[in-house]
> 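Have a look at this one.
First listed ligand is number 1; within each ligand, the first listed atom is number 1. Every heavy atom of this structure was used, including side-chain atoms; hydrogens, water molecules and symmetry mates were not.
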Amino acid sequence: RLDVASSFLQPSPGRVVPPRVLWVDEASFPMIVHTSIATTSDAASWEQALVDAVDFLTAGQVVALPSETVYGLAADALDRKAVARIFEAKGRPSTNPLIVHVADEGMLETCAASWCSIAALLAKHFWPGPLTLVMPKKPIIPDEVTAGLNSVALRWPSHPLMQAVIQRFQGPLAAPSANLSNRLSPTSAEQVGAQLQGKIPLIVDGGSCSVGIESTVVDLTGSIPTILRPGVIHRGVLSALVPSIQMASGVMDPDEGLAQRSPGQHRQHYAPEASLRVCRWEDEPSLLGRMEHEGLDPAKTCVFCHERFPSSPPFMRVSVIPNDPEAYARALYAELFQCDQLRPQSILVEDPPSKEAWDGVRDRLQRAASGW
Ligand code: AMP
Ligand code: MG
């Protein structure tokens with residue numbers, strides 16, 4: 001049933017092609033594949049999407065799947081060749097490790113060499129959900145997944161389709177966000193397609209992501225539990241359960257040595273194509289004055305605000321984002337994507353509050369802005 005352009009797919013002689021599965025042979029056909037979009041809006045299409053996704057994963061292919069955080073590009077976490085396809089499709093540096101997604105305790109046992117009481121406590125409170133725990137790894141996890149580290153990042157996602165795929169596949173799935181490396185993480189199937197169309201065989205459309213930014217990553221391999229990446233499960237909530245928890249140095253100041261603790265947490269990340277700046281303004285005249293000073297044309301500038309709203313003209317677009325950290329996170333990437341479509345000269349973002357609950361949003365905005 002898959003809408004596969006089989007005419008240009010040439011399986012190499014002697015290879016068995018699994019039914020309804022697209023076989024991409026690197027030697028004969030390296031780059032372009034037909035990308036199918038599977039819908040899940042009724043019971044029949046849901047079931048078909050599940051079958052198709054599991055077929056591709058079983059054949060060692062990558063599939064874009066919805067999760068509650070952002071869309072993920074999934075592959076069999078125990079198959080190094082399949083995992084290599086994730087890096088290839090995203091153009092992701094091999095030094096940036098992947099999060100492994102599980103959907104039952106047996107899969108956790110497959111991946112983690114040990115389990116501590118803090119891991120058990122955090123898992124009990126936040127799983128399934130947008131929290132990733134870094135634990136010592138078992139040898140079965142290929143080095144490709146962990147960038148050679150002896151730890152593995154584990155998450156039990158809550159999205160029902162993601163869970164169903166993992167359970168039906170009966171094994172853990174490595175899945176980074178389904179975008180090109182360093183670009184915006186997608187929160188809808190449309191945004192996945194805009195970046196990965198022609199590079200992956202299947203995108204499962206499971207609607208918009210309810211969390212909207214990547215998971216909080218907590219490292220439990222050292223003597224002090226450490227937040228490597230902030231998210232909507234923030235330090236305030238975590239420290240109520242684990243008072244000793246700390247923020248990794250460099251998390252909110254990405255210039256400072258975080259790269260060693262958490263490879264992949266680079267200074268510039270999650271960036272739209274337009275230049276992005278985070279700044280503060282009092283009112284519309286002061287915003288316009290600032291833009292003039294910086295040589296920005298209002299007609300080519302998108303403005304993001306949550307508290308001080310300028311009127312729409314003369315700006316290219318004014319995005320009013322809810323003044324609430326969780327609602328802001330949900331809207332953030334989708335709205336940046338909309339702005340990018342207009343090809344603005346610049347995106348100006350009103351400085352978000354400095355409270356802990358905003359750590360995840362602030363971290364993503366800082367990284368998006370850091371290239372400019
Ligand atoms: P994503 O791009 O959402 O897949 O994010 C994965 C991020 O999780 C990586 O960039 C790392 O920062 C972090 N991560 C994954 N595995 C590990 C690990 N074993 N140790 C420390 N951080 C990790
Ligand atoms: Mg990512």
Side-chain angles (χ1 to χ4, degrees), residues 62 64-75 77 83 86-87 89-102 111-114 119 130-139 141-155 157 159 162 172-187 191-192 195-196 209 211-222 224-233 247-252 254 257-272 329 332-333 336-337 360 363-364 367-368:
V62 296
L65 297 173
S67 93
E68 71 277 22
T69 55
V70 300
Y71 272 69
L73 186 60
V83 168
I86 294 178
F87 286 88
K90 283 181 60 94
R92 180 170 172 119
S94 60
T95 49
N96 190 351
L98 307 178
I99 294 171
V100 173
H101 296 74
V102 302
C111 301
S114 62
L131 178 71
T132 296
L133 301 177
V134 177
M135 300 299 297
K137 87 171 185 83
K138 284 224 172 116
I141 307 289
D143 282 345
E144 285 80 354
V145 171
T146 63
L149 297 168
N150 55 14
S151 58
V152 60
L154 294 166
R155 188 165 94 80
H159 194 289
M162 183 78 160
L173 296 179
S177 49
N179 52 280
L180 297 174
S181 193
N182 285 348
R183 304 245 65 111
L184 287 180
S185 300
T187 55
Q191 291 163 41
V192 178
Q195 297 194 55
L196 295 180
C209 301
V211 173
I213 60 172
E214 301 79 357
S215 57
T216 306
V217 179
V218 174
D219 183 1
L220 296 177
T221 61
I224 302 177
T226 303
I227 300 170
L228 299 179
R229 176 171 72 184
V232 297
I233 297 176
M247 207 69 147
S249 62
V251 167
M252 299 313 298
L258 182 63
Q260 285 168 358
R261 295 286 309 266
S262 181
Q265 292 296 300
H266 298 300
R267 190 166 180 264
Q268 192 192 359
H269 209 125
Y270 317 114
L332 177 63
Y333 290 137
L336 287 175
F337 177 80
D363 170 77
R364 302 311 186 276
R367 289 179 208 279

> Test side-chain contact (heavy atoms from CB on, under 4.5 Å) on Phe87 and Leu98; report intermediate values, then the result.
CA-CA 10 Å; Phe87 286 88; Leu98 307 178; 3.7 Å; yes
> For a 4.5 angstrom cut-off between non-hydrogen side-chain atoms, does Leu65 reach Leu173?
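The answer is yes; the side chains approach within 4.5 Å.
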> Could you tell me, atom by atom, which parts of ligand 1 come under 4.0 Å of a heavy atom of Leu228?
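In order of numbering, the contacting atoms are 21 (C), 22 (N).
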> Quick one: which ligand 1 atoms are inside 4.0 Å of a heavy atom on Ser151?
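That gives atoms 18 (C), 19 (N), 20 (N) of ligand 1.
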> How far apart are the closest heavy atoms of Leu154 and Ala112, and which atoms are they?
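Heavy atoms of Leu154 and Ala112 come nearest at CD1-CB, 3.9 Å.
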> Near the Mg ion (ligand 2), is there an N/O/S atom from Ser177 that is less than 2.8 Å away?
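Looking at Ser177, which is the residue asked about, there is an N, O or S atom under 2.8 Å from the Mg ion (ligand 2).
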> Heavy-atom distances under 4.0 Å decide this one: backbone, side chain, both or neither, for Lys137 against ligand 1?
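Neither; no heavy atom under 4.0 Å.
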> Below 4.0 angstrom from a heavy atom of Ala153, which ligand 1 atoms are there? Numbered from 1 as shown, please.
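Answer for ligand 1: 15 (C), 16 (N), 17 (C).
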> Look at the side chain of Thr216 and the backbone N and O of Ile233, then say whether any donor-acceptor pair between them is shorter than 3.5 Å.
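Judged by distance alone, yes, a pair lies under 3.5 Å.
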> Can you figure out which of Ile86, Leu149, Val100, Asn96 has its heavy atom closest to atom 18 (C) of ligand 1?
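Nearest heavy atom to atom 18 (C) of ligand 1 lies in Leu149.
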> Would you check if Ser181 and Pro93 make a side-chain contact, meaning some heavy-atom pair closer than 4.5 Å?
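Yes, their side chains come closer than 4.5 Å.
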> Which is it for Glu214 and Arg155 under the salt bridge (charged side-chain N to carboxylate O under 4.0 Å, His left out) test, yes or no, and what are the steps along the way?
CA-CA 11 Å; Glu214 301 79 357; Arg155 188 165 94 80; over 6 Å; no
> Quick check: Thr146 and ligand 1, any N/O pair under 3.5 Å apart?
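For ligand 1, there is no N or O atom that lies under 3.5 Å from one belonging to Thr146.
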> Is any N or O atom of Arg92, backbone or side chain, closer than 3.5 Å to an N or O atom of ligand 1?
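Among all N and O atoms of Arg92, at least one is under 3.5 Å from an N or O of ligand 1.
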> Counting from 1, what ligand 1 atoms have a heavy atom of Pro176 closer than 4.0 Å?
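So the answer, numbered in order with elements, is 4 (O).
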> Roughly how far, to the nearest 0.5 Å, is the CZ atom of Arg364 from the CG atom of Leu336?
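Taking CG in Leu336 and CZ in Arg364, the distance rounds to 12.5 Å.
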> Output the list of atoms in ligand 1 that are nearer than 4.0 Å to some heavy atom of Arg229, sorted by atom number.
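What qualifies from ligand 1 is 1 (P), 3 (O), 5 (O).
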> Does only the side chain of Val70 get under 4.0 Å from ligand 1, or the backbone, or both, or neither? Count heavy atoms.
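Val70 to ligand 1: no contact under 4.0 Å from either part.
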> Where do Ser151 and Thr221 land on the side-chain contact (heavy atoms from CB on, under 4.5 Å) test, with the steps shown first?
CA-CA 7 Å; Ser151 58; Thr221 61; 3.9 Å; yes
